[in-house]
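Computed over heavy atoms, backbone and side chain alike; hydrogens, waters and symmetry mates excluded. Chain identifiers are assigned alphabetically (A, B, ...) following the order of the sequence lines, protein sequences preceding nucleic acid strands; residue numbering begins at 1 within each chain.
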Number of protein chains: 2
Amino acid sequence: MGRPSRKAAAAAGPVVEPTEVAGHSGGEMRAFRRSLPMALLKAREAVMARFRPLLHEHDLTEQQWRVLRALTTADGFRAGELARVSSISMPSLSRILRTLEKRGLIQRGIEDKDLRAAQISITPSGRDMIALIAPHSERRYAEITAAFGADRLATLYGLLDELADCLGGADGDGGDEE
Amino acid sequence: MGRPSRKAAAAAGPVVEPTEVAGHSGGEMRAFRRSLPMALLKAREAVMARFRPLLHEHDLTEQQWRVLRALTTADGFRAGELARVSSISMPSLSRILRTLEKRGLIQRGIEDKDLRAAQISITPSGRDMIALIAPHSERRYAEITAAFGADRLATLYGLLDELADCLGGADGDGGDEE
DNA sequence: CCGATTTATATAACATGTTAAATATTAACA
DNA sequence: TGTTAATATTTAACATGTTATATAAATCGG
C-alpha cells in the first residue's frame with residue numbers, strides 16, 4: 001500500500017533536529033547537499049527503481065541485462081570489448097559471464113589467432129529472454145520519457161555525455177597538481 | 001611508451017566486427033547506447049574518478065566519506081536519518097558504522113526516549129579526518145566546475161533533481177501493471 | 001495488562017564494485 | 001633462442017548494493 005503517511009514518522013525526530021540537514025540552514029558546508037555524485041546517484045536510483053522489478057521477475061540483475069543486451073548488437077565479443085560497452089569492470093564481468101553461462105544464456109569460445117581472447121556470444125535461450133523482456137523495458141522507457149519530457153531528457157543526455165567526456169579525457173593523474 | 005599502440009588489435013577482429021558496437025553504425029537497437037542508467041553511471045564514474053584517489057589515500061571509501069560528511073551537519077543522527085541523508089541503504093550503513101566505530105571515527109549511543117534508536121555522532125578523530133581531506137575535496141570540485149562550466153553544472157543539477165523528483169514521487173508499484 | 005502490528009536497526013545471502021595480484025599468451029628484443 | 005615486457009582474462013579480498021529476514025522496542029487494540 002502506498003500511503004504517503006510514512007514521511008511523518010521520519011520527520012518527527014524527538015530530540016535532535018536532523019531537519020537542519022534535510023532542510024536548508026547551514027551556510028558553511030552546503031557542498032554536501034550540492035554533491036554531484038549524490039545527485040547522479042539519486043537520479044540513477046530513481047530510474048532503476050522503474051526497471052529493477054521487471055528484471056527481477058526473470059532473475060536478472062541490471063548488469064546481467066546490460067551484458068545480454070550488448071551481446072545482441074554483434075555476433076561475437078571479446079571480454080574486454082564487452083566490459084567497455086556495458087560499463088562493467090572486468091572482474092565483475094568475469095563473474096557475470098560464469099553465471100550467465102551456467103544458465104545457458106551465453107556461450108564462450110576461444111579465438112584461434114589469440115588463445116587468451118574469449119569469444120562470447122548470446123545463445124538462443126538468451127535471445128528468448130531478451131525478446132521476453134525487451135517490450136516491457138521499452139514501455140518503462142516510454143513512461144519515463146513521457147513523465148520527464150523528451151526535450152529535457154535529450155538535454156540531460158547531452159549534459160551527461162559532455163560531463164563524462166570532459167572529465168574522462170583528462171584523468172586526475174596528469175592534471176594540474178600544484 | 002609512446003608507440004601508436006594498436007587499439008587496432010581490438011578493432012581488427014578476425015571473425016567478427018565489434019566495431020559495429022564500439023563505433024557508431026547499428027541502427028536497429030541503439031536504445032542500448034541511449035540508456036539513461038548507463039549515461040548516469042558513466043557520468044558518475046567520471047566524477048568519482050576525480051575523488052576516489054584522494055579518499056583512498058586516507059583509507060576511506062566514497063560511502064564512508066559521505067557518512068562522515070553528513071555527521072558534521074548535526075550533533076546527533078539516528079541511523080535511519082543518516083541513511084536517508086547520505087543515500088546509503090540501511091544494511092550497508094550498518095556495516096559502515098561498525099567499521100567507522102572500530103576506527104574511532106564515530107560514536108554510537110542509544111536514545112533515552114526510544115531504546116531502539118541509535119544516536120550516532122562523529123568523534124574528534126573523525127573531525128580531524130574531515131578537516132584533513134575537505135580542502136582537497138573542495139579543490140577537486142572547483143576543478144570539475146571550471147572544466148565543465150558553472151552554468152552547465154547548475155543546469156545539470158536542476159535536471160537531475162527534477163528527474164529524481166519526477167520519478168521518485170510516483171513509484172513503479174501503483175502504476176499501470178497490465 | 002496482554003497480544004498483534006508497526007518501527008528501528010541489524011544480520012544473512014548473494015551479486016557487484018574496487019583494487020591488487022595471478023595466470024596465460026602474445027609481442028618485443030637482445 | 002630465450003628473456004622480458006605487454007596484453008587478455010581470471011581470481012582474491014574486501015566493501016557495498018539488493019532483497020529478505022531477524023531482533024528488539026514502541027504502539028495499538030482488546
Could you state the atom-to-atom distance from [atom1] of [X] to [atom2] of [N] in whole Å?
{"X": "I110(B)", "N": "dA10(C)", "atom1": "CD1", "atom2": "C1'", "answer": "13 Å"}
{"X": "M90(A)", "N": "dA22(C)", "atom1": "CE", "atom2": "C1'", "answer": "14 Å"}
{"X": "L55(A)", "N": "dA15(C)", "atom1": "CG", "atom2": "C1'", "answer": "14 Å"}
{"X": "R95(B)", "N": "dC14(C)", "atom1": "CZ", "atom2": "P", "answer": "14 Å"}
{"X": "L82(B)", "N": "dT16(D)", "atom1": "CG", "atom2": "P", "answer": "13 Å"}
{"X": "D59(A)", "N": "dT18(D)", "atom1": "CG", "atom2": "P", "answer": "17 Å"}
{"X": "L93(A)", "N": "dT16(C)", "atom1": "CG", "atom2": "P", "answer": "10 Å"}
{"X": "M48(A)", "N": "dT16(C)", "atom1": "CE", "atom2": "C1'", "answer": "13 Å"}

Sugar-phosphate only, base, or nothing, as touched by E62(A) at under 4.0 Å among non-hydrogen atoms: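 If one applies the 4.0 Å heavy-atom cut-off, E62(A) turns out to touch nothing in the nucleic acid.
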Sugar-phosphate only, base, or nothing, as touched by I96(B) at under 4.0 Å among non-hydrogen atoms: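 I96(B): backbone/sugar contact only, no base atoms under 4.0 Å.
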Distance below 4.0 Å between Q63(A) side-chain N/O and dG17(D) OP1 or OP2: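 So the side chain of Q63(A) is outside the cut-off, no N or O lying under 4.0 Å from OP1 or OP2 of dG17(D).
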Verdict with reasoning, L41(A) to R44(B), per side chain to side chain contact (heavy atoms under 4.5 Å, CB included): CA-CA 7 Å; L41(A) 179 63; R44(B) 210 180 105 80; 3.9 Å; yes
M90(A) backbone acceptor or donor facing S94(A) side chain under 3.5 Å: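 Absent.
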T99(A) (side chain) donor-acceptor with R95(A) (main chain) under 3.5 angstrom: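 Side chain of T99(A) to backbone of R95(A), a donor-acceptor pair under 3.5 Å: yes, one is there.
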Is it true that [X] and [Y] make a salt bridge, defined as a side-chain N closer than 4.0 Å to a carboxylate O?
{"X": "E81(A)", "Y": "R84(A)", "answer": "yes"}
{"X": "E57(B)", "Y": "R52(B)", "answer": "no"}
{"X": "E45(A)", "Y": "R50(A)", "answer": "no"}
{"X": "D114(B)", "Y": "R78(B)", "answer": "yes"}

From the set [options], return the single nucleotide nearest to any side-chain atom of [X].
{"X": "I88(B)", "options": "dG17(D), dA8(D), dT10(D)", "result": "dG17(D)"}
{"X": "R78(A)", "options": "dA15(D), dT9(C), dT9(D)", "result": "dT9(D)"}
{"X": "E45(B)", "options": "dT9(D), dT18(C), dT19(C)", "result": "dT18(C)"}

Secondary-structure notation, DNA chain D, from Watson-Crick and G-U pairs under 3.5 angstrom (| other strand): ||||||||||||||||||||||||||||||
Upstream residue (5' side of DNA chain D) when S92(A) and R52(A) are each assigned their closest nucleotide: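 Looking at DNA chain D, the more 5' nearest nucleotide goes with S92(A).
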To check you understand the geometry: which heavy-atom pair defines the closest contact between [X] and [Y], and what is its length?
{"X": "L54(A)", "Y": "S137(A)", "value": "CD2-N, 3.5 Å"}
{"X": "L163(B)", "Y": "A43(A)", "value": "CD2-CB, 4.3 Å"}
{"X": "A134(A)", "Y": "W65(A)", "value": "N-CH2, 4.0 Å"}

Contact list for DNA chain D against residues 97-108 of chain B - heavy-atom distance below 4.0 Å: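 Per residue number, the list is empty: none.
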Per-nucleotide protein contact string for nucleotides 24-29 of chain D, where B marks a base within reach and S marks sugar-phosphate only (heavy atoms under 4.0 Å, - for neither): -BS---
Closest-nucleotide 5' rank along DNA chain C - winner of A79(B) and S87(A):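 It is A79(B) whose nearest nucleotide is closer to the 5' end.
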Modelled atom types, side-chain donor and acceptor of T72(B) and R69(B), under 3.5 Å: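 No, because no side-chain N or O of T72(B) sits under 3.5 Å from a partner of the opposite role on R69(B).
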Atom pair CG (L105(A)) and OG1 (T123(A)), whose distance is rounded to the nearest 0.5 Å: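 OG1 of T123(A) is found 5.5 Å from CG of L105(A).
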